[in-house]
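Right, one structure below, let's go through it.
Quantities reported herein were computed from a predicted structural model and do not represent experimental measurements. All heavy atoms count here, side chains included; hydrogens, waters and symmetry mates do not. Per chain, numbering begins at 1; letters A, B, ... match sequence-line order.
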Protein chains: 2
Amino acid sequence: MSDRTAECAEPQRRSIGAKRNPATAEAILTAAQELLREKGVKGLTMEAVARRARAGKATLYKWWPTRGALLVAVYERSKGDYAHEDKGALIDTIAAFYHHVFDFWKTPEGQVFALIIAEAQSDADVAEALERYREERLATLAEVVGWSLARGELIEGVQAEALAEAIMAVAWMRLMTGRLDSDAERLAHEVLDGWIVGKR
Amino acid sequence: MSDRTAECAEPQRRSIGAKRNPATAEAILTAAQELLREKGVKGLTMEAVARRARAGKATLYKWWPTRGALLVAVYERSKGDYAHEDKGALIDTIAAFYHHVFDFWKTPEGQVFALIIAEAQSDADVAEALERYREERLATLAEVVGWSLARGELIEGVQAEALAEAIMAVAWMRLMTGRLDSDAERLAHEVLDGWIVGKR
DNA sequence: ACATAACGAAACGCACCGTTCCCTTTGGAG
DNA sequence: CTCCAAAGGGAACGGTGCGTTTCGTTATGT
């Protein structure tokens with residue numbers, strides 16, 4: 001369980017004066033990402049990250065005071081900005097969305113998201129960051145539902161946010177219970193068919 | 001941060017011979033529950049539980065080899081067996097269900113469930129236990145949906161399991177994001193209205 | 001009567017935590 | 001130009017939890 005060999009990279013890196021060294025931030029985030037990829041969650045300790053990045057622990061704690069803060073930083077660094085693609089029918093748009101997130105969540109970078117949700121259960125700062133992120137993603141998803149609503153695709157009385165939440169919730173649950181091998185299109189149907197005009 | 005006073009209860013408790021001492025199991029689970037209640041997640045350490053229960057760590061590890069196992073045991077000890085109550089209309093049955101779980105999840109005992117989901121993200125044993133539990137709860141929920149289906153309450157082509165998953169997923173998401181103050185009835189409508197005959 | 005097993009207690013080495021020193025580097029203010 | 005302030009690496013600190021081991025005690029079941 002102790003793997004002290006070659007844990008450090010890059011020859012040297014010193015202070016560049018009385019201002020923050022971008023290379024340090026870079027090295028630390030990269031180290032965190034690598035550790036996550038190589039040793040999983042348990043491998044991501046402040047100690048190990050500092051070692052691998054050849055950074056002082058003091059430096060690390062200065063910029064990322066908690067493990068949660070580091071997790072969030074790593075996630076925000078690795079996630080691309082997914083823009084929903086309007087496929088004409090809501091069902092296809094959502095199927096594409098499911099397909100995309102499931103694929104991403106399966107990657108080492110994407111797995112961080114599950115860890116963030118987990119960490120949020122015991123770290124208030126992470127919980128707050130997660131909540132902001134959830135609201136942001138919910139809003140864009142609700143917007144997509146809005147497009148469909150405007151097209152008259154959905155039955156009367158649908159609230160975009162409510163439906164968007166159901167769409168998100170099912171994805172999150174699949175993530176938390178390790179069932180990302182789902183058929184995205186089938187899942188989209190299971191969640192949406194009830195709300196689409198003419199599907200009854 | 002060090003609170004060594006009165007961490008231990010009960011005067012004495014020794015071996016009762018070559019068989020498991022029920023009082024020990026009792027004392028350990030109680031200690032775990034109390035620590036959880038008093039100090040939150042972080043307070044629940046194998047070390048602290050052993051101290052409080054006046055138990056040897058060896059004993060603790062013998063019966064609950066990981067923190068996750070202990071968490072699951074605590075949860076299973078405290079949760080009552082909720083039986084869905086058929087209110088006639090599915091919407092009312094689910095509203096009652098939401099009301100019940102949200103109330104329970106707000107209690108210190110119920111909060112353990114969120115921790116189990118979190119722990120499952122990094123502990124395979126907990127993940128397996130959670131998956132068994134999820135399947136069990138999904139089945140009973142699907143049964144409830146089945147009642148409704150048999151009454152002709154729902155539109156054609158509904159798959160009981162799929163709808164049950166959506167119902168569960170929304171509840172779980174509310175839990176993971178700390179929004180248990182929801183209006184159960186309203187939420188039930190938001191999730192179900194699309195699937196009910198005559199609601200379009 | 002005796003092997004067997006559970007129990008409490010204490011100690012072990014190890015790892016990580018979060019903080020604190022110390023010294024070096026270098027930009028920017030005076 | 002000088003020197004202070006801030007950033008950086010490195011090393012060590014005490015503290016705490018982990019998981020294991022060792023020991024002596026207790027009492028069952030055969």
Using salt bridge (Lys or Arg N to Asp or Glu O under 4.0 Å), reason through A/Arg132 and A/Glu136 one step at a time and then give a plain yes or no.
CA-CA 6 Å; A/Arg132 276 201 307 274; A/Glu136 176 197 319; over 6 Å; no
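- Figure legend: B/Arg20 and B/Trp64 shown as a cation-pi pair, the cationic atom lying under 6.0 angstrom from the six-membered ring centre and within 45 degrees of its axis.
- Nucleotide C/dT26 holds its P atom 12 Å from the NZ atom of A/Lys19, rounded to whole Å.
- When each of B/Lys42 and B/Gly17 is assigned the nucleotide of DNA chain D with its nearest heavy atom, B/Lys42 is the one assigned upstream, toward the 5' end.
- OP1 or OP2 of D/dG9 has at least one side-chain nitrogen or oxygen of A/Arg13 nearer than 4.0 Å.
- For the pair A/Trp64 CH2 and C/dG18 P, the computed distance is 16 Å after rounding to whole Å.
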Run the numbers on A/Glu26 and A/Arg13 for salt bridge (Lys or Arg N to Asp or Glu O under 4.0 Å), then give the verdict.
CA-CA 11 Å; A/Glu26 186 71 17; A/Arg13 196 182 55 249; over 6 Å; no
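- Residue B/Thr59 places none of its side-chain N or O atoms closer than 4.0 Å to OP1 or OP2 of C/dA5.
- The separation between B/Arg51 atom CZ and C/dG8 atom P is 15 Å, rounded to whole Å.
- For the pair A/Arg14 CZ and C/dT24 P, the interatomic distance rounds to 10 Å; values are reported in whole Å.
- The distance from atom CD1 of B/Ile16 to atom P of D/dA27 is 10 Å, rounded to the nearest whole Å.
- A distance of 6.0 Å or more separates the ring centres of B/Phe113 and B/Phe104.
- Contact between the side-chain N/O atoms of B/Arg54 and the OP1/OP2 oxygens of C/dA9 is found at a separation under 4.0 Å.
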Polar-atom pairs under 3.5 Å, protein N or O versus N or O of nucleotides 18-21 of chain D: list them with distances, or write none.
from   : atom 1 : to      : atom 2 : distance (Å)
D/dC18 : OP2    : B/Met46 : N      : 3.0
D/dC18 : OP2    : B/Glu47 : N      : 3.0
D/dG19 : OP2    : B/Tyr61 : OH     : 2.9
D/dG19 : N7     : B/Lys57 : NZ     : 2.8
D/dG19 : O6     : B/Lys57 : NZ     : 2.8

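- Taking atom CG of residue B/Leu70 and atom P of nucleotide D/dG17, one finds them 15 Å apart after rounding to whole Å.
- Spacing between atom NZ of B/Lys39 and atom C1' of D/dG17 amounts to 14 Å, rounded to whole angstrom units.
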Assess the residue pair A/Ile91 and A/Asp193 against the criterion (side chain to side chain contact (heavy atoms under 4.5 Å, CB included)); give the C-alpha distance rounded to whole Å, side-chain angles, the decisive distance to 0.1 Å, and a yes or no.
CA-CA 8 Å; A/Ile91 197 96; A/Asp193 275 353; 3.9 Å; yes
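- An OP1 or OP2 oxygen of C/dA6 is reached within less than 4.0 angstrom by a side-chain nitrogen or oxygen of B/Lys62.
- Residue B/Glu38 qualifies as enclosed at atom CD: its count of foreign heavy atoms under 6.0 Å is above 12.
- Residue B/Ser15 places no side-chain N or O under 4.0 Å from the OP1 or OP2 atom of D/dG24.
- Note on B/Trp63: a side-chain N or O is less than 4.0 Å away from OP1 or OP2 of C/dC7.
- Atom pair A/Arg20:CZ and C/dT25:C1' shows a separation of 18 Å (rounding to whole Å applied).
- Outside the 6.0 Å centre-distance limit, the rings of A/Tyr98 and A/His100 are not counted as a close aromatic pair.
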